[in-house]
S.K.: 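Please see the structure below; I have some questions.
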Amino acid sequence: MTVDVEVMKPPRTEVGALGWLRKNLFGTWYDALLTVGSVAFICVVLYGVFNWALNTAKWGVVTTNIKVFMVGRYPYSEVWRIWTSVGLFLVMALVSLVVWKRNVTKARRGVTIAWVIVLLLTIVLLKGFGDLPLIPSVPINIWSGLMLTLALGIVGIVASFPMGVLLALGRRSSLPVIKVFCTTYIEGIRGVPLISVLFMSMLMIPLFLPPSIRLDNVLRAMVAMTLFSAAYVAENVRGGLQAIPEGQYEAGRAVGLNEGLVMVLIVLPQALRAMIPAIVGQFISLYKDTSLVVIVGLLDILGVAKAVTGQREWIGTQKEVFAFAGVIFFVTCSALSYASRRLEKQLGVGER
Amino acid sequence: MKAISWIVVSLLVLGVLLAACAAPAPPEEGEAAPSVTGARIQTILDRGKVICGCNAELPGFGYLNPAGDFEGFDVDFCKAIAAAVFGDATAVEYRPLTAAERLPALQTGEIDVLIRNTTWTLTRDAVNEVDWAAVTFYDGQGMMVPVATGWTSLDDMEGATVCSTTGTTTEMNLADAFRSRGLDYTPLLFEKTQDTATAYEEGRCDGQTSDKSQLAALRSAMENPADHVILDVTMSKEPLGPLTAHGDNKWNDVVRWVVWGMMQAEESGVSSANVDQMLSSDDPTVKRLLGVEGEMGSSLGIPNDFVVQIVKQVGNYGEVYNRWLGPDGLNIPRGPNELWTNGGLLYAMAFR
């Protein structure tokens, strides 16, 4: 007796693409309604965006003014200095990538020192010196465009980190004067909005200085952003410090390390590693906050975007220039958060 | 208990900080005092350039060109001042300012002169401690309507819908103008001038109101500028001109005679094309104007040939007007900004 063993295939509507669709998008009548509604909505929005971007938008405002967007008022004849700096940065980034990927432990210190040198070199190159024939001085005041946005962001990030760490350590110090100073500073800065710090730096500082001394506005904005960001970094770092169990300190002291070495060798590395996501978040928000300098009349990429719409042939192209500035911010911020994810992976945050 | 001690400590720290800030004030006031007798012009001469507060985003008046340089009607007056003082129209440091910080920037000495489409009003003159030097442009609120409506004056606009910005004097002037004529109208209000223009172009309102110079700029950006007409009606007085800090009379004198020098040059027929020939003119006014005769410049503390330098490097008033606001620019009819000899309001004081 033979039995026809006919293996029944599952209904076509239950497996495969069709099954997935049915299960996830059209499971019930309200699911189906939601799906259709959402798809229609997305289509309408996308059509509007693409129709505008491809047909209506006058992208000429961006292509004509690309130099202004990138380096703003930096003189044409000196733009090679910016290219050189960008080149230096790219080379350094490549070298670091190779060194870290191959795990060449010995080269790491050299690369770190090289970064510091390159950073200083770039500043000298971009700023120039008095009447040097090759690199005449370009006042920091005329830095503008994407260049200013990046300069504010990089200086703010690089300078506010060590300051924030010191403030965090100061706040946990047992010395009352230091502790009170750091706490007052942190709470004071966190109690006022960035805008008012910027306004103060622009309008109040000249009141306290004799008329003969003038600080560059861009420099003032850099200092203001650094001071502001340092307070937030300090609180992030303090959070990290508090997460380190007391046992770590005790163990450090038990093997004969003094207070400073316990901090530098044992506590800080763990605390900072744990706080990378929070600190990077702070840095990204600092970078985006640089656009607030528009309000004190500095021409960062957003300021430049507004300034070029004053040109007669490009009146009324606000949408185009702001879309362009938005894309630039998106790209740079994404790069920052990608770098932070790599760093976390490298340092094994979240793994024990 | 702890909270109270905290407050005491905070107040102490604040007190110390304030004391520290206040301490260096007396010598500074000693330095600031001579400004009445001309400290500012000495500061400017020592510095070797004029710091000029300008607008960075206003079509026709001040914006960045694709090379990253400021240009426009107001900017040309900055150049004229530099040409008068130093014989070099490029000896200017531009300081782009927002509306909120322009007057404080002048009061704190951040800038030497503010040329940023600032309306001369009693309140600003009296309360904000600033001094206008002269009027460079008589603006006024106007009304733009489509040619197709056939309207020629506000009286034709019974029952019309008018686009305007909200929360500004523009809105109030509009209400006053219609109420005084006993006309009904529907206001359609927006946050930004650009939005009113968009709404007007989409046909959501029958007319759009703003400053005439802005209406002209917006019209030049429309698809068919010839389809729209700016009515011959002025709903408000908006005299714009350069300002200096209050009490700085000597510097203010320089700025006003620079402006009047440009107007007188046009009146006397001196232009950038013929200024060299005019140096040998027999007309005594021209001789005094160009510094061939008399000590006009040196009584102001600047070179005697200051008008020659202005006209050569920047042009007379008419040339500047035509370049940015006239046929080569936004194409605004000169109207009140015509010389008094041609029925306008421009009247330079006597060069003698």
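In what follows, every chain begins at residue 1, and chains take the letters A, B, ... in the order their sequences are listed.
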S.K.: Counting only heavy atoms closer than 4.5 Å, note whether B/Gln107 contacts chain A via side chain, backbone, both or neither.
M.R.: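 Answer is neither: B/Gln107 stays 4.5 Å or more from chain A.
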S.K.: What part of A/Gln318 gets within 4.5 angstrom of chain B, counting heavy atoms only: side chain, backbone, both, or neither?
M.R.: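 Contact with chain B: side chain only.
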S.K.: Of all the heavy-atom pairs spanning B/Pro104 and A/Leu203, show the shortest one and how long it is.
M.R.: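 Shortest heavy-atom contact: CB-CD1, 3.8 Å.
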S.K.: What part of B/Ile51 lies closer than 4.5 angstrom to a heavy atom of chain A: side chain, backbone, both or neither?
M.R.: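 Contact with chain A involves the side chain of B/Ile51 alone.
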S.K.: Where on B/Ala197 is there a heavy atom nearer than 4.5 Å to chain A: the side chain, the backbone, both, or neither?
M.R.: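 No part of it gets close to chain A.
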S.K.: For B/Ser220, is it the side chain, the backbone, both or neither that has a heavy atom under 4.5 Å from a heavy atom of chain A?
M.R.: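 Contact with chain A involves the side chain of B/Ser220 alone.
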S.K.: Could you look at A/Met202 and say if it's the side chain, the backbone, both or neither that has a heavy atom under 4.5 Å from chain B?
M.R.: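 Contact with chain B involves both backbone and side-chain atoms of A/Met202.
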S.K.: Pick whichever of A/Glu313, A/Arg220, A/Glu187 has the most heavy-atom pairs under 4.5 Å with chain B.
M.R.: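 Looking at each of A/Glu313, A/Arg220, A/Glu187 in turn, A/Arg220 comes out on top.
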S.K.: For atom NZ of A/Lys319, is the number of surrounding heavy atoms from other residues, nucleotides or ligands below 6.0 Å larger than 12?
M.R.: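 Not more than 12 within 6.0 Å, no.
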S.K.: Name, in order of residue number, those residues of residues 61-71 of chain B that have a heavy atom at a distance of less than 4.5 Å from a heavy atom in chain A; otherwise write 'none'.
M.R.: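 Within residues 61-71 of chain B, near chain A: B/Tyr63, B/Leu64, B/Asn65, B/Pro66, B/Ala67, B/Gly68, B/Phe70.
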S.K.: Heavy-atom distances under 4.5 Å only: say whether B/Arg102 touches chain A with side chain, backbone, both or neither.
M.R.: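 Interface part for B/Arg102: neither.
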S.K.: Pick from B/Ala217, B/Ala100, B/Gly53: which one has the most heavy-atom pairs with chain A under 4.5 Å?
M.R.: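 Heavy-atom pairs under 4.5 Å are most numerous for B/Ala217.
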S.K.: Working to the nearest 0.5 angstrom, can you tell me the gap between A/Ile142 CD1 and B/Glu93 CD?
M.R.: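 With rounding to 0.5 Å, CD1 (A/Ile142) is 9.0 Å from CD (B/Glu93).
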S.K.: Do B/Glu110 and A/Asn217 come within less than 4.5 Å of each other through their side chains, counting heavy atoms only?
M.R.: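 Yes, close enough: below the 4.5 Å cut-off.
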S.K.: Could you pull out all donor-acceptor pairs under 3.5 Å where a side-chain atom in residues 292-299 of chain A meets a protein atom, sequence neighbours excluded?
M.R.:
none

S.K.: I need the contact set between residues 72-79 of chain B and chain A: heavy-atom distance under 4.5 Å, sorted by residue number.
M.R.: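 From residues 72-79 of chain B, none sit under 4.5 Å of chain A.
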S.K.: Give me the contact list for residues 66-74 of chain A versus chain B, heavy atoms only, anything under 4.5 Å, ordered by residue number.
M.R.: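 The stretch touches chain B at A/Lys67, A/Val68, A/Gly72, A/Arg73.
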S.K.: Measure from the side-chain N and O atoms of A/Arg312 to the backbone N and O of B/Gly60, and report whether any donor-acceptor pair falls under 3.5 Å.
M.R.: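 Answer holds: no.
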